[in-house]
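For reference, the structure is listed below as structure tokens.
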Amino acid sequence: MSENNVGLTIKQFREDNNLNQIEVAKSVGITESALSKIENGKQKIDASLLVALTRVFQCTTDQLLGLQRAPVLSTKIEFKSDNNISLRNKFLYILSNYLAATQQEFKGHRVGEFVRGEAAQAVGQAGQLNDPFKVVGSVGQGRWAEVPWIAIFNQQITSGAQQGFYIVYLFSADLKRVYLSFNQGYTYFGEKYGRKMGRGKIAQISKTLRSDLHTIPENLKISSIRLEGDGHLARGYELGHICGAVYETSSMPSDETLAKDLSDMLIVYQELFSMMQGRTVKQFNDYLLLKDDLKYIEAEEQDADFQEAVEKSATNLGYVEDEEEKLEERRDPLIDNGGGKHWPRDAQRAAKALIMANFKCAVDANHATFTSKKTNKPYVEAHHLLPIYLQQDFDKNLDRVTNIVSLCPNCHRLLHHGDDIERHSLILKLFSERRDALERLGIEITPTQLLKAYNVEVD
């Protein structure tokens, strides 16, 4: 959720309660100017201020974040220390005893039972958690893990550490510290991109969310972690880390501090759930990685970025083989933050189309244009003859090289902004030259239907 959306919600609550900015600002200990900036989306709001505002407006953090169907979480920060559920004592026990335990038989060991049982229970009690949250402690499967952990899973997002987003306490391999980490599973990235590229993609998601999640408070601003491990799992946790805090064994903080940090982290978790808007983890990640994957939604505000990415891709590709395309089924759409469906354009495919056209305008190869600084070729732009927004009406993929035409800037603007008479003849010319090739790919449309797609009046 953007800062602007949260700010507007705060403004609405303030006005509904007949309060002015001075009254609200004074109640939560900030200046009127700061509150004004928050309401206008010009300043981020941290977790402690969010909690303070819920008390003023007598509402939940869910409501301030615009969450529609989420469980109400307790946002209390106060924590009364009790030796029976002391997180501090539980963590120190693990840090002091885990190394010796790893030298002994795994099955049925007291330390393993402690992590999975008492310690996990203490985390659940400190966070005042119930459904849909699940707390799980792990010391490995069949053998001791290099990095033991205790995780909190919102089961509406994920039920395990392999995929999705979750809160986790990670005990470093050298047992000198424990991290409170907002983390994510690696499975999606490994399956889609492979091990090497997947590591870069999970790190990109972490970077994006650190920027987009505006409830991350100063006490959870650690952007990287070092688990001192040698295995791939330790490295995966490091790459998947989004934000968090570190607690040194030699200076473990009080239960009050641990509880406050966990409360703040649960608010961040809530915000992420709100951002997902009911999307699956795959749909959410696909959308966040859109531009990183060189894919762009068909929208005027993204067209300049798309054309720039096409040029960059053309430079990287250099020479491409002129291979006949084969039938390709329609891909799953991307789901945006409002629930809308979009089929993106692939900048690399568009670049291939320009290269195969030898960077000449499809309307007239002699059309003059300037030399591109990026490609050192005549500057042309990629245009989908059958607009991508028509994809929902086709079973076959429209984002094909055959459907992408190379146009000089003037002809491209004419197609989008020219009068109907000029556009009519231009569209039919381009279509007649490609109709047979498109039909071989299972893409069939009549000239009249195509003209209507461009809002060209047909006699």
Side-chain angles (χ1 to χ4, degrees), residues 192-193 197 201 279 282-317 320-336 340-359 361-363 375 380-407 411-412 415-416 426-427 430-446 449-455:
K192 182 173 181 179
Y193 300 103
M197 186 178 292
K201 295 297 183 179
R279 287 174 286 186
K282 179 183 181 303
Q283 289 171 337
F284 184 61
N285 284 337
D286 282 347
Y287 189 75
L288 290 181
L289 288 170
L290 191 63
K291 290 187 179 180
D292 197 65
D293 287 343
L294 296 177
K295 294 187 176 147
Y296 296 80
I297 290 171
E298 191 175 57
E300 187 173 350
E301 62 270 18
Q302 288 201 20
D303 202 57
D305 289 342
F306 172 65
Q307 299 298 343
E308 185 174 345
V310 171
E311 279 210 293
K312 183 178 180 180
S313 296
T315 303
N316 294 335
L317 286 173
V320 296
E321 293 285 344
D322 187 3
E323 298 176 342
E324 183 176 348
E325 292 184 288
K326 298 180 181 180
L327 288 170
E328 187 174 293
E329 298 301 315
R330 176 178 65 191
R331 296 174 179 176
D332 293 334
L334 288 173
I335 310 298
D336 65 23
K341 294 182 179 181
H342 303 274
W343 282 269
R345 302 169 291 177
D346 188 327
Q348 290 186 309
R349 286 194 171 183
K352 185 175 181 180
L354 299 192
I355 294 171
M356 292 175 62
N358 200 25
F359 297 92
C361 180
V363 177
T375 64
V380 286
E381 296 175 342
H383 174 79
H384 286 74
L385 184 58
L386 274 71
I388 290 294
Y389 84 85
L390 294 176
Q391 183 64 81
Q392 61 185 346
D393 299 323
F394 289 83
D395 293 329
K396 305 303 179 184
N397 188 9
L398 295 184
D399 191 31
R400 311 304 305 278
V401 172
T402 302
N403 188 41
I404 302 170
V405 294
S406 171
L407 297 173
C411 288
H412 196 190
L415 269 182
H416 286 288
L426 186 57
I427 292 167
L430 295 171
F431 180 58
S432 65
E433 294 170 350
R434 289 162 179 77
R435 186 171 188 174
D436 290 344
L438 287 168
E439 289 181 353
R440 285 195 293 272
L441 296 176
I443 302 171
E444 298 186 17
I445 191 171
T446 67
Q449 290 171 329
L450 184 58
L451 289 170
K452 285 183 177 180
Y454 282 84
N455 292 318

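All residue numbers refer to positions in the sequence shown, counting from 1. From a predicted model like this one, the values you see are computed outputs, not experimental measurements.
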Considering all heavy atoms, the nearest Val401-Glu325 contact: N-OE2, 3.0 Å
Reported CD-to-CD distance for the pair Glu308 and Gln302, which is rounded to 0.5 angstrom: 13.0 Å
CG-NE2 distance between Leu415 and His412, expressed to the nearest 0.5 angstrom: 7.0 Å
Min side-chain heavy-atom separation Gln307-Asp303 under 4.5 Å: yes
Positive for side-chain hydrogen bond (donor to acceptor under 3.5 Å, both in side chains) with Asp399, one of Gln391, His384, Arg349: His384
Test item: Gln449 side-chain N/O and Thr446 main-chain N/O as donor-acceptor pair under 3.5 Å: yes
Lys312 NZ: over 12 foreign heavy atoms closer than 6.0 Å: no
Asp286 and Arg279 ion-paired at < 4.0 Å: no
Side-chain heavy-atom pair Arg345, Glu298 within 4.5 angstrom cut-off: yes
N-O pairing of Glu329 and Lys396 below 4.0 Å: yes
Student check: side-chain heavy atoms of Leu451 and Phe431 closer than 4.5 Å: no
Distance, nearest 0.5 Å, that separates CG of Leu407 from CG of Leu426: 7.0 Å
Between NE2 on residue His342 and CG on residue Asp336, distance to nearest 0.5 Å: 3.5 Å
Nearest heavy atoms of Ala347 and Phe306, plus distance in Å: CA-CE1, 3.9 Å
From CA spacing to verdict: side chain to side chain contact (heavy atoms under 4.5 Å, CB included), Tyr389, Leu398: CA-CA 9 Å; Tyr389 84 85; Leu398 295 184; over 6 Å; no
Heavy-atom closest pair, residues Leu317 and Ala351: CD1-CB, 4.0 Å
Closest non-hydrogen atom pair between Trp343 and Asp332, with its separation: NE1-C, 4.0 Å
